[in-house]
Novice: 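I am attaching a structure below and will ask some questions about it afterwards.
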Amino acid sequence: MNLDRYAVIGNPVAHSLSPQIHEEFARQTNQQLKYSRIEAPHDGFESIARDFLRKGGCGLSVTAPFKGEAFRWVDKSDEFARESGAVNAISRSGDSTEGFNTDGIGLLQDFVRLGWKITGRRVLVLGAGGAVRGIIGPLIAQGSVLTVANRTEKRLVELKAQFPDISTMPLAEVPGDWDMVINATSAHLRSTELNVDPHIFSDARCYDLAYSCDRTTKFVDKARRHGATDAQDGLGMLVFQAACAFGLWRGVDPDPIRVLEGLRES
Ligand code: NAP
């Protein structure tokens, strides 16, 4: 039988749990599909994505560092992708591609699951890449007061031009006293250190977009050691944003909580 084919494209991508998640969604909803991983070279996103879809692929999940490039490449995109300039899910219809950004929805749904309120809260976001552009609009729409800190200045300047309501500062100069700290850097993917003043964690709820099935990441560990009131990894966000993409691709809604619990147990 010819199965509908999907894949996650990124670099690196070996760590991605997306194949497991989407195959579980497919089992839950009786959908026949195959989902794989594609590691594209840094200058190879466009040709590899085009090739996969031209050979019959139905859709792609897009992960770091290709979300901005994916937005520029697709034929059309939804409002979240346009607002963020970043695409994390692509669907193909005939010869045409459409890009979506489900990262913000995924994060907000995980905050609801955790019972974390963000309206009126002072939220520090670390990093200024594709994931951050996807979550800023939804966080502002929920009434959080956002500061974004990044290692290099260029991305902060671009972000501030796009979202004038945020404050920005260099990562090395971030002071303490936050209600929430969100790590959206890819430091762990590059096996590099995230150098931040540990005071930022004190009495804050801390959320790492990076994830691991056993609930701990370097950032989560560090936050717990330095006085965070709670610290969580991003597995919930991953599952919720994937459920949203799966719904867009297949027209059926899977049960993300069941999949999240399964991943934690596995
Ligand atoms: P990206 O576009 O490549 O951006 C990476 C960001 O991380 C940049 O701001 C970069 O700063 C910063 N960075 C990298 N290494 C650093 C270090 N050692 N110290 C300080 N900053 C560092 O990546 P992305 O797409 O935004 O993804 C970011 C992370 O979010 C990834 O880990 C990804 O897996 C995760 N993510 C998770 C979910 C989920 O569902 N849980 C969804 C989306 C993304 P410079 O500008 O200075 O280089």
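Any value given below was found using the heavy atoms of this structure, including those in side chains, with hydrogens, waters and symmetry copies removed. Read the numbers this way: they start at 1 and go in the same order the structure lists the ligands and their atoms. Counting from 1, the numbers follow the sequence of the chain as shown.
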Novice: Taking both backbone and side-chain atoms of Gly234, is any N or O found less than 3.5 Å from an N or O belonging to ligand 1?
Specialist: yes
Novice: Under 3.5 Å, is there a donor-acceptor pair linking the side chains of Asn88 and Gln241?
Specialist: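 Yes - a donor-acceptor pair under 3.5 Å links their side chains.
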Novice: As an exercise, identify every atom of ligand 1 less than 4.0 angstrom from a heavy atom of Leu209.
Specialist: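 It comes down to these atoms of ligand 1: 30 (O), 35 (C), 36 (N), 37 (C), 38 (C), 39 (C), 41 (N).
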Novice: Using a strict 4.0 Å cut-off to heavy atoms of Thr152, name the atoms of ligand 1 that fall inside it.
Specialist: 45 (P), 46 (O), 47 (O)
Novice: Kindly assign one of parallel, tilted or perpendicular to the pair Phe201 and Phe219, based on the angle between their ring planes and the thresholds 30° and 60°.
Specialist: perpendicular
Novice: Heavy-atom contact check, 4.0 Å cutoff: does Ala128 meet ligand 1?
Specialist: yes
Novice: Would you say Phe100 has more than 12 foreign heavy atoms packed within less than 6.0 Å of its CZ?
Specialist: yes
Novice: Pick, from Lys154, Arg151, Arg155, Lys67, the option with the minimum heavy-atom distance to atom 16 (C) of ligand 1.
Specialist: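 The nearest heavy atom belongs to Arg151.
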Novice: Answer whether the closest heavy-atom distance between the side chains of Val125 and Thr147 falls below 4.5 Å.
Specialist: no
Novice: Tell me which one of Asp233, Asp230, Asp110 satisfies side chain to side chain donor-acceptor pair (under 3.5 Å) with Tyr207.
Specialist: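 With Tyr207 as partner, Asp233, Asp230, Asp110 yield a single side chain to side chain donor-acceptor pair (under 3.5 Å), made by Asp110.
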Novice: Any atom of ligand 1 sitting under 4.0 Å from a heavy atom of Ala184?
Specialist: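 The answer is yes: ligand 1 sits under 4.0 Å from a heavy atom of Ala184.
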Novice: Should Glu193 and Lys218 count as an ion pair when the cut-off is N to O under 4.0 Å?
Specialist: yes
Novice: Would you say ligand 1 has an N or O under 3.5 Å from any N or O of Glu193?
Specialist: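 Yes, at least one N or O pair falls under 3.5 Å.
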Novice: Would Ser186 count as being in polar contact with ligand 1, using the rule that some N or O on each side must be under 3.5 angstrom apart?
Specialist: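 Right, the criterion is met.
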Novice: Look at atom 1 (P) of ligand 1 and find which of Gly104, Pro12, Gly129, Ser18 reaches it with the closest heavy atom.
Specialist: Gly129
Novice: Between Asp75 and Thr97, do the side chains contain a donor N or O and an acceptor N or O under 3.5 Å apart?
Specialist: yes
Novice: Identify which of Leu107, Val62, Asp110, Asn150 has a heavy atom lying nearest to atom 46 (O) of ligand 1.
Specialist: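 Checking each option, the heavy atom nearest atom 46 (O) of ligand 1 is found in Asn150.
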Novice: Taking both backbone and side-chain atoms of His15, is any N or O found less than 3.5 Å from an N or O belonging to ligand 1?
Specialist: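 There is no such contact.
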Novice: Could Arg27 and Glu24 be called an ion pair, given the rule that one side-chain N must be under 4.0 Å from one carboxylate O?
Specialist: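 Judged by the 4.0 Å cut-off on N to carboxylate O distance, Arg27 and Glu24 do form a salt bridge.
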Novice: I want to know if ligand 1 touches Leu194 in the polar sense, i.e. an N/O pair below 3.5 angstrom.
Specialist: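 No; the residue has no nitrogen or oxygen that sits under 3.5 Å from a nitrogen or oxygen of the ligand.
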Novice: Using heavy atoms and a threshold below 4.0 Å, how should the contact between Ala210 and ligand 1 be classified: side chain, backbone, both, or neither?
Specialist: neither
Novice: Enumerate the atoms of ligand 1 whose separation from the nearest heavy atom of Leu171 is less than 4.0 angstrom.
Specialist: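 That gives atoms 20 (C) of ligand 1.
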Novice: Near Gly127, which atoms of ligand 1 are under 4.0 Å from a heavy atom of that residue?
Specialist: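 Within the 4.0 Å cut-off of Gly127, ligand 1 contributes 9 (O).
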Novice: Take atom NZ in Lys117; do more than 12 heavy atoms of anything else shown fall under 6.0 Å from it?
Specialist: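 No, the 6.0 Å shell around NZ holds no more than 12 heavy atoms from other groups.
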Novice: Give the contacting part of Asp103 toward ligand 1: side chain, backbone, both or neither, where contact means a heavy-atom distance below 4.0 Å.
Specialist: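 The side chain, only.
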Novice: If you count the non-hydrogen atoms of other residues, nucleotides and ligands that lie under 6.0 Å from CG in Asp253, is the total more than 12?
Specialist: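 No, CG of Asp253 has 12 or fewer neighbouring heavy atoms, counting only those of other groups under 6.0 Å.
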Novice: Is Ser202 close to Trp178 at the side-chain level, that is, under 4.5 Å between some pair of heavy atoms?
Specialist: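 Counting from C-beta outward, Trp178 and Ser202 never come under 4.5 Å.
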Novice: Taking N or O atoms only and a 3.5 Å limit, does Thr63 qualify as a polar contact for ligand 1?
Specialist: no
Novice: Within the 4.0 Å heavy-atom shell around Ala64, which atoms of ligand 1 are there?
Specialist: 23 (O), 24 (P), 25 (O), 27 (O)
